[in-house]
2 protein chains.
Amino acid sequence: MNKEFSSLIETRPSTLADDVFSNLRTAIVKGELESGSKINEPQLSKLYGISRGPLREAIRRLEGCKLVEITPNVGAKVISLNKSQAIEIYEIRESLEGLACRLSATRVDQKDCNKLRDLLSNHAQQIQSENGRLYYQKEGDLDFHYLIVQLSGNARLFHLLCEELYHLLRLYRCQTSSKPSRPGQAFKEHHNIVDALENRDGELAEMLMRRHIANAKETLISQFEE
Amino acid sequence: MNKEFSSLIETRPSTLADDVFSNLRTAIVKGELESGSKINEPQLSKLYGISRGPLREAIRRLEGCKLVEITPNVGAKVISLNKSQAIEIYEIRESLEGLACRLSATRVDQKDCNKLRDLLSNHAQQIQSENGRLYYQKEGDLDFHYLIVQLSGNARLFHLLCEELYHLLRLYRCQTSSKPSRPGQAFKEHHNIVDALENRDGELAEMLMRRHIANAKETLISQFEE
DNA sequence: TTTCAACATATTGTCAACAATATGATTGAA
DNA sequence: TTCAATCATATTGTTGACAATATGTTGAAA
């Protein structure tokens with residue numbers, strides 16, 4: 001059979017375990033499956049209309065992403081992040097996104113920088129017009145970071161940040177329904193980072209990104225004080 | 001039944017999937033399961049004397065650790081790292097172990113530093129006496145890094161480095177049967193790092209560690225040239 | 001009332017069988 | 001010979017049933 005042709009009409013094969021994995025992951029990240037809640041296999045397998053076999057495989061993959069914790073003979077629970085764990089994640093982010101900036105500075109061209117500027121002006125509009133639609137602000141913020149990590153060209157770094165840590169951040173934000181957190185200043189810092197990238201100044205870009213995330217971490221910590 | 005008492009004689013409960021996961025992981029890291037080789041479920045389930053159910057769960061966890069790659073309807077393969085992937089890992093290591101040093105500098109006490117020195121003098125002995133037993137040198141090197149990451153106090157960082165990236169490094173070393181790589185200079189650099197930690201100089205310790213790993217990366221890259 | 005044990009129930013762990021897909025060999029035609 | 005289609009085999013994907021463990025409840029004794 002013609003492989004090239006058939007791939008255009010047939011849907012790409014994927015296993016039930018893979019589908020349920022994505023579904024569960026978004027459910028967890030969006031908060032539909034509450035932080036700390038137990039994962040009931042019979043219940044979920046009924047919900048998704050599959051047997052427990054593939055479901056259990058999906059849960060194992062979630063365990064690999066650190067989104068659930070499994071206790072033998074007891075079951076899986078959606079993880080729940082406490083303050084110190086959130087700080088740990090921010091420390092790692094600070095380091096890794098600094099790296100992403102340093103790498104990106106050696107690879108970006110003008111088109112990339114324009115894309116970043118476009119993103120930022122979109123954010124500016126949203127901040128002005130919607131005047132506090134938290135969700136989009138936050139997702140927009142992640143978009144910016146997302147793009148820079150992509151530009152770094154380090155695929156493993158991309159996976160680590162965008163496929164693992166960012167999901168945890170979303171989970172944490174949802175879990176604590178965290179506050180808006182200084183949209184104005186962050187916006188400025190983003191522009192400074194793009195400036196550095198445009199000048200191919202990797203060291204500066206790294207430092208600015210690290211400070212940017214360190215600031216976010218401080219905001220986070222001060223929110224704990226209440 | 002008396003729980004406290006029985007736990008003393010009965011082995012702690014763990015699932016077959018968990019056991020097989022550890023077994024497979026060490027088999028992969030030690031090279032007993034060759035890089036790039038296919039994972040045959042019926043064959044492995046016979047080898048370990050279990051059914052395919054728990055085996056598949058173990059394989060999913062390995063997928064989460066990025067030690068195998070799964071293609072739907074085709075199966076799992078042990079990953080195989082190429083040059084650029086190895087470089088990507090070293091870039092990430094450089095960043096994260098720098099972080100580990102910075103954090104450690106704010107937390108170490110004299111006892112910790114003594115432990116580090118002890119490790120290093122053990123290494124010195126091994127380098128002198130065995131004069132080229134590569135394996136121990138390399139494992140010893142990892143021991144040093146392992147301990148510093150532990151001292152950082154960031155549990156997630158520890159997991160990321162020691163439970164994920166280091167396994168990949170071992171796999172890569174085994175896959176390429178890599179060369180001795182500058183035992184003398186590395187030894188010096190290790191001591192300089194402990195000096196900085198002893199002085200609670202986090203910035204310096206971070207910079208030294210980053211350079212240390214950057215050097216190792218350069219050695220790695222130059223080995224490709226042959 | 002409280003505490004402990006035994007029981008009933010629910011959930012997780014494991015297995016073997018079946019279905020769907022891929023892989024490799026064979027056959028037949030150009 | 002070479003290519004394609006077809007078939008046989010092996011492997012993966014999925015399921016439902018059973019076993020082992022944990023959880024929650026009831027009831028009896030202190």
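Scope of the values below: all heavy atoms of this structure, side chains included, with no hydrogens, waters or symmetry mates.
Using the six-membered ring where Trp is involved, A:Phe144 and A:His190 have ring planes that are parallel, under 30° apart on the 30 and 60° scheme.
Contacts of A:Ile39 with the nucleic acid, taken as non-hydrogen atoms under 4.0 Å apart, involve only primed sugar atoms and P, OP1 or OP2.
Between B:Leu44 atom CG and D:dT11 atom P there is a gap of 11 Å when expressed in whole angstrom units. Distance, A:Tyr48 OH to D:dT15 C1': 19 Å, rounded to whole Å. One atom, NZ of B:Lys46, and another, P of D:dA10, lie 11 Å apart when rounded to the nearest Å.
Between the A:Ser37 side chain and the A:Leu33 main chain, no donor and acceptor come within less than 3.5 Å of each other.
Applying the salt bridge (charged side-chain N to carboxylate O under 4.0 Å, His left out) test to every pair with at least one member in residues 68-83 of chain B, sequence neighbours left out, gives no pairs at all.
A salt bridge links B:Glu63 with B:Arg60: the distance from a Lys NZ or Arg NE/NH1/NH2 to an Asp or Glu carboxylate oxygen falls below 4.0 Å.
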field: Contact state string [nucleotides 13-20 of chain C, B base, S sugar-phosphate only, - no protein heavy atom under 4.0 Å]
entry: BBB-----

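Annotation for A:Glu34: atom CD does not count as buried by contact number, only 12 or fewer foreign heavy atoms lying within 6.0 Å.
For B:Asn40 and D:dT11, the shortest distance from a side-chain N or O to OP1 or OP2 is below 4.0 Å. Within the 4.0 Å cut-off from OP1 or OP2 of C:dT11, not a single side-chain nitrogen or oxygen of A:Lys38 is found.
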Identify all side-chain donor-acceptor contacts of residues 85-92 of chain B below 3.5 Å with residues at least two apart in sequence or on another chain.
{"from": "B:Gln85", "atom 1": "OE1", "to": "B:Asn82", "atom 2": "N", "distance (Å)": "3.0"}
{"from": "B:Glu88", "atom 1": "OE1", "to": "A:Ala155", "atom 2": "N", "distance (Å)": "3.4"}
{"from": "B:Glu88", "atom 1": "OE1", "to": "A:Arg156", "atom 2": "N", "distance (Å)": "3.0"}
{"from": "B:Glu88", "atom 1": "OE2", "to": "A:Ala155", "atom 2": "N", "distance (Å)": "3.0"}
{"from": "B:Glu91", "atom 1": "OE1", "to": "A:Asn154", "atom 2": "ND2", "distance (Å)": "2.9"}

